[in-house]
*Asks:* 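Take this structure first; my questions come after.
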Amino acid sequence: MSSPSAVDAATGTRTLTFGQAVNEALAEEMRRDETVFLIGEDIAEAGHPFKVLAGLVEEFGPERVLDSPISEQGITGLGVGAAMTGLRPVVDIMFGDFLTLVLDQLANQAAKAHYMSGGKLRVPLTLRTTLGATRRSAAQHSQSLQAWVAHVPGLKVVLASTPADAKGLLKTAIRDDNPVVFIEDKMDYVVKGEVPDGEYLIPFGVADVKRVGEDVTIVATSSMVRVALAAAELLERDGISAEVIDPRTISPLDEDTIVRSAEKTGRAIVVDEGHQRYGVTAEIASVIADRAFYALDAPVKRMGAMDVPVPFSPTLEDVTVPTPDTVAQTARQLCGKD
Amino acid sequence: MSSPSAVDAATGTRTLTFGQAVNEALAEEMRRDETVFLIGEDIAEAGHPFKVLAGLVEEFGPERVLDSPISEQGITGLGVGAAMTGLRPVVDIMFGDFLTLVLDQLANQAAKAHYMSGGKLRVPLTLRTTLGATRRSAAQHSQSLQAWVAHVPGLKVVLASTPADAKGLLKTAIRDDNPVVFIEDKMDYVVKGEVPDGEYLIPFGVADVKRVGEDVTIVATSSMVRVALAAAELLERDGISAEVIDPRTISPLDEDTIVRSAEKTGRAIVVDEGHQRYGVTAEIASVIADRAFYALDAPVKRMGAMDVPVPFSPTLEDVTVPTPDTVAQTARQLCGKD
Amino acid sequence: MSATASPSKIGAEVALEMYRQMTRIRLFEEQANELYRGAKMPGLTHLYIGEEAVAVGVCSALRRDDWITSTHRGHGHCLAKGAEIDRMFAELLGKEAGYCRGKGGSMHIADHENGNLGANAIVGGSAGIATGAAFSAKRRGTDQVAVCFFGEGALGQGLVYEVMNMASLWTLPVIYVCENNMYNEYTHYLEATAGDILSRPRAFGIKADEVDGQDVRAVFARTIEFVERARAGGGPAFLLCNTYRYHGHHVGDVDRAYYRTKDEEALWRSDERDPLRVLGTWLLAQGFVDDDALKAIEDDARAEVESGVQFALEAPYPDPSQVTEDVFA
Amino acid sequence: MSATASPSKIGAEVALEMYRQMTRIRLFEEQANELYRGAKMPGLTHLYIGEEAVAVGVCSALRRDDWITSTHRGHGHCLAKGAEIDRMFAELLGKEAGYCRGKGGSMHIADHENGNLGANAIVGGSAGIATGAAFSAKRRGTDQVAVCFFGEGALGQGLVYEVMNMASLWTLPVIYVCENNMYNEYTHYLEATAGDILSRPRAFGIKADEVDGQDVRAVFARTIEFVERARAGGGPAFLLCNTYRYHGHHVGDVDRAYYRTKDEEALWRSDERDPLRVLGTWLLAQGFVDDDALKAIEDDARAEVESGVQFALEAPYPDPSQVTEDVFA
Ligand SMILES: Cc1ncc(C[n+]2csc(CCOP(=O)(O)OP(=O)(O)O)c2C)c(N)n1
Ligand SMILES: Cc1ncc(C[n+]2csc(CCOP(=O)(O)OP(=O)(O)O)c2C)c(N)n1
Ligand SMILES: [Mg+2]
Ligand SMILES: [Mg+2]
């Protein structure tokens, strides 16, 4: 696993929830660099509806933890201008579904300013938002729209799957001189994991092998990594050894690590919670199918969210996302063991 | 070619520009159904900055051809409400780059209303916009963002490559009871082609084989079809026979026609003017690589726009998009004849 | 009808029907809260308790064929516009018998037959839809009007200004009803709202006025004026209703001390401000009813809510195969 | 400096410098038009001719370290804020020597050293950027101000209202300068703008005023007041400048009869309204200069423009390999 290797000065570890790890990363970076500030809806006293930002306004004050009006486009635009002029904004967009409102400022302004100005302007902006269904929040509060932002040159896109990765990647995002979209699964906030003590960063563009295996490669993003690891356990019982790879940043994408694994196993499945059609799984699957072409024993399979708006009813919503069972079943078929 | 077969009552043909064909489709549908209306910026007296709508306000009056404020999100939202309540709006978004401003109304409202209401609400809205670079319009007026809308369940996405297709597909779009995004290449408006006389519709989800070939399949969208056909001519000289397939609607996508062709030729290239990463070429290439896996002699190749914001300078902009030469060169390599 | 345009002139019949509707909403919401606390409801929901006079006062001034667009806090609007309690509970529970076949849930209930174009989970997201419905009415030459309900938090969304500009330019029959319950989730609206609210629509040439959102007769009277004006081609209007939500932002928001005081909550729950008490007291004072009559209204509503929730609890979930239905018309 | 805050008190030096700047802009734009007509310029461009007094009056009231954000019609803003003519022409022609290495072109010229955060091809698109720059100044404790230039068409964009609300809430040192040249492309602004423009910022608690955009001294004086107020922590302001573009929406828009009359164009080109004549006449009347002096200013500017365009025409295009540079910092 490359995260420990990327850890400097890490002594022991502590058990933190994903939410606590995000909170710690923000607090550390705000202590380290006073140009860092947070802006978003209900993030100060309320500490964010998901409580992830609890305590930050108390430590850093309302000038650096700003409760904003319900103006996603406006706060993103304000963030772009602040970033161009010496600050490092962390813009909080409560639900990833609201990316629909900020894309002009994100894709036409933040992502292009450096290039359009011939390298003069810089936009060190981090936009944090969320993804994920199965929260019974229905179609406008459950989307995973990472494919949209990953399609935009000039943006970096991070999807963390563990508390340790979330902390190290978020710190890297804030220090990056480019606009970074950092997307967290709402369902992950309460998930616990080991987080290295001390200061560490995790570089972008370095995939992490979450599980080593021989028979099939499962490339998974965000909380789908947990689904993939659970599927790997099921497969183990059937004598199928699955390797699980977490790209961690889908832009830049660590193609080499992914392709090498697919060449080793000869079989690959790509799992992402965004809609399947024209989604993240398409890019990664086509990269594997192209670069590992001569090593593949079977077609690369894609497992995204079903191509329907996310329904409210539990009996419907539960069948729209990949699960350990469906991933394992797909792997069995790929390996001819179903 | 399936378009003639889809033509009813077509007698002869006339030569029209792409722009004239679009204009004719709108005029015919507005005559046929008085609930159809157009709304957009500078579309009435000005007949649209690209002059595509010339004459429509004179025939149908300002109540049905509305000059709007510069409020893309607002006119799209107004269109959604009008569509839910008995009208068939055709919303004009001057440049596809401004899709950034309308995605909430398009993706969170229009695309989901029918599903979220359990089938009660209908949104027969057509949103016309543009794509394409090489017009020296720089990064905010040159993007081809079809991948974004194609990723959204509930939206249909049309990319026409000829005047005849544009007319038949636009008429179908306006009559469709769902939101349809119809994207035209700005550079195509002056391109001429044969258009069947009389009334005809072209169904969605039916790809058109623009050129029959044996050695390599080139799947291309919008104006890239012209690029692919030019490349095919070049390849002819080298003794390579290329089949050119135009999906015409990327959502729904006619996978069968595309996959059958790839199985026949054993080689495929997908060409689209959107950015390559996480773009339209990824979806189509991964579908081919999966479904035609056992028939492919070489990896499926993708050719999208370079993953950089579109630069202004001609010497830079010209190298960002696929050309007949680069497509032909890729085909030669695929066929081992370079 | 403008005879009724003064609160004092509202007759017993209208007033009693409004009392009945407010009671239905109050009890519906209390039951919804129970469903959540009993872990019988998937997800969360936003209760309308305390704001009943706004939805009822406004919708009582509308015809069945007039349109409304609603919000994440939409149960009151939906019931006031004519929805049935049983199918609403069914939707809240994600059952197939619900208004949206279980696909929408609390935040997306739509009731097209009664002119409800849907609740909306995007703050301000329905402003364009309501304006478009008004455009449609005018274009098709009907005299329907459209009402856009939204919370004061939606004043932060640029879309609202884009469409108010068009509604004014094209004199569309749309009424923007701003429910100012003083909080955007957990943030006081004054921390998020600069200047003067009424000046905003007025800057776009839209007639705007303010009303006590706890007095259903006042809301009703003011709405009637705006609706008649709109039907007559007088164009859009903006009605600012000052109100308060008794419960949390959503059912899970129970510890509210960090953003508002118990005293403030008590003040708004008092006899002087509670919309049911305010109207009830007036009805009694007018001699239109006695206590027993009000009690009877409440008993009927309670019975309707109880049978409605029973129906919903027993109703089947949609079959998973329905997940792919309704994507396209 | 508030001594200068009345047009009459403006001294010869400042006035002459403003005359020089307006002349440079006028001649730069005439040359840009020639480049287009001579098919030497890639794409189209939007000329600022007729509106010179707005950019120059405003930017003359700013320090080099103050920020501006500009529009698709941005050459005037860019020059007035201190950019060099030669590198601007080079950018218009897509040459490597241009301000953006040829990557931005006319609609995206940025000149960070002089505080120009860039022209913007999204109408209203820079309103958030200017507001954010003002936020940055306040947060970092400097006394810089930010100016957001935008055309009246941008009043159609919701973003403008979202950020004005925040600028007012947080008393940010930003000045919104609305250049009302009466047309959104080919549509008269009254067909797209309801109500009263000044009432819009005022509704958000923003100080707003109107000025004759053809009188550079008036623009300068009013801007100084707003700038001093902003530096002193007085918060945002909105300056509506009434002006006119002499040429088409872009260089290719030559047949304009269908949207505006020749008489209207003549009226604005008259001695009473042309910004150069208006200031020139005043300078002469004040006895600050004689005709020869004005002639000399024009000759110098012409020479600068001629050598600048020569430089640009001879400058090399960027090497294609540069296409992948500058995507990321
Ligand atoms: C565009 C958008 N931003 C943020 C949210 C999250 N959110 C849901 S309700 C709410 C507060 C809305 O306040 P208000 O409009 O006053 O309505 P109220 O809840 O008070 O009835 C917020 C911020 C959302 N649903 N949509
Ligand atoms: C968001 C957006 N919508 C539409 C356009 C196309 N467009 C370019 S300039 C323009 C008119 C702008 O008018 P105004 O703001 O008054 O500026 P002016 O051209 O008059 O200086 C339009 C509609 C755009 N560039 N951006
Ligand atoms: Mg509220
Ligand atoms: Mg203008």
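Each chain gets a letter, A, B and so on, in the order the sequences are listed, and its residues count up from 1.
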*Asks:* As an exercise: rank Ile122(D), Val160(D), Thr131(D) by heavy-atom pairs under 4.5 Å with chain A and give me the winner.
*Replies:* Ile122(D)
*Asks:* Report yes if some heavy atom in the side chain of Lys138(D) is under 4.5 Å from a heavy atom in the side chain of Glu63(A); otherwise report no.
*Replies:* no
*Asks:* Do you know which of Gly132(D), Gly102(D), Gly98(D), Ala167(D) has the most heavy-atom pairs with chain A at a distance under 4.5 angstrom?
*Replies:* Gly132(D)
*Asks:* If you compare all heavy atoms of Tyr115(A) against all heavy atoms of Val323(D), which two are closest, and at what distance to 0.1 Å?
*Replies:* OH-O, 2.6 Å
*Asks:* Do other residues, nucleotides or ligands put more than 12 heavy atoms under 6.0 Å from the CD atom of Glu34(A)?
*Replies:* no
*Asks:* Given 3.5 Å as the limit, does a donor-acceptor pair link the side chain of Asn178(A) with the main chain of Ala329(D), or not?
*Replies:* yes
*Asks:* Using heavy-atom distances under 4.5 Å, tell me whether Ala133(D) contacts chain A through its side chain, its backbone, both, or neither.
*Replies:* both
*Asks:* Return the option, out of Arg122(A), Gln109(A), Lys156(A), with the maximum number of heavy-atom pairs under 4.5 Å with chain D.
*Replies:* Gln109(A)
*Asks:* Name the region of Glu96(D), side chain, backbone, both or neither, that has any atom closer than 4.5 Å to a heavy atom of chain A.
*Replies:* neither
*Asks:* Under 4.5 Å between any side-chain heavy atoms of Met116(A) and Cys100(D), yes or no?
*Replies:* no
*Asks:* As an exercise, state the distance from CG of Leu169(D) to CG of Asp67(A), rounded to the nearest 0.5 Å.
*Replies:* 11.0 Å
*Asks:* So do Ser71(A) and Met166(D) actually touch side chain to side chain, heavy atoms under 4.5 Å?
*Replies:* yes
*Asks:* Quick check for you: among Asn120(D), Val163(D), Thr69(D), which has the greatest number of heavy-atom pairs under 4.5 Å with chain A?
*Replies:* Asn120(D)
*Asks:* Quickly, which of Leu87(A), Leu78(A), Thr35(A) forms a side chain to side chain contact (heavy atoms under 4.5 Å, CB included) with Ser136(D)? Name it, please.
*Replies:* Leu87(A)
*Asks:* Mind checking side chain to side chain contact (heavy atoms under 4.5 Å, CB included) for Thr257(A) and listing every partner two or more places apart, or none if nothing turns up?
*Replies:* Ala207(A), Val209(A), Ile245(A), Asp254(A), Arg260(A)
*Asks:* Taking the side chain as C-beta and beyond, is there a heavy-atom pair between Gln73(A) and Glu162(D) under 4.5 Å?
*Replies:* yes
*Asks:* Using non-hydrogen atoms only, which part of Ile109(D) is less than 4.5 Å away from chain A: side chain, backbone, both, or neither?
*Replies:* neither
*Asks:* Counting heavy-atom pairs under 4.5 Å with chain A, which one of Gly128(D), Gly105(D), Ala119(D), Ala137(D) comes out on top?
*Replies:* Gly128(D)
*Asks:* Quick one: does Arg101(D)'s side chain get under 4.5 Å of Lys120(A)'s, heavy atoms only?
*Replies:* no
*Asks:* Locate the shortest heavy-atom distance separating Pro69(A) from Asn165(D); write the atom from each residue and the value.
*Replies:* CG-ND2, 3.5 Å
*Asks:* Stepwise, does the side-chain contact (heavy atoms from CB on, under 4.5 Å) test hold for Thr85(A) with Phe135(D)?
*Replies:* CA-CA 9 Å; Thr85(A) 55; Phe135(D) 176 87; over 6 Å; no
*Asks:* Determine whether Lys112(A) and His108(D) satisfy the following criterion, side-chain contact (heavy atoms from CB on, under 4.5 Å), listing intermediate values before the conclusion.
*Replies:* CA-CA 10 Å; Lys112(A) 294 174 172 50; His108(D) 299 292; over 6 Å; no
*Asks:* Any non-hydrogen side-chain atom of Val327(D) less than 4.5 Å from a side-chain atom of His114(A)?
*Replies:* no
*Asks:* Looking at Gly119(A), Pro124(A), Pro179(A), which one has more heavy-atom pairs under 4.5 Å with chain D than the rest?
*Replies:* Gly119(A)
*Asks:* Which residue out of Leu155(A), Asp176(A), Ile39(A) racks up the most heavy-atom pairs below 4.5 Å with chain D?
*Replies:* Leu155(A)
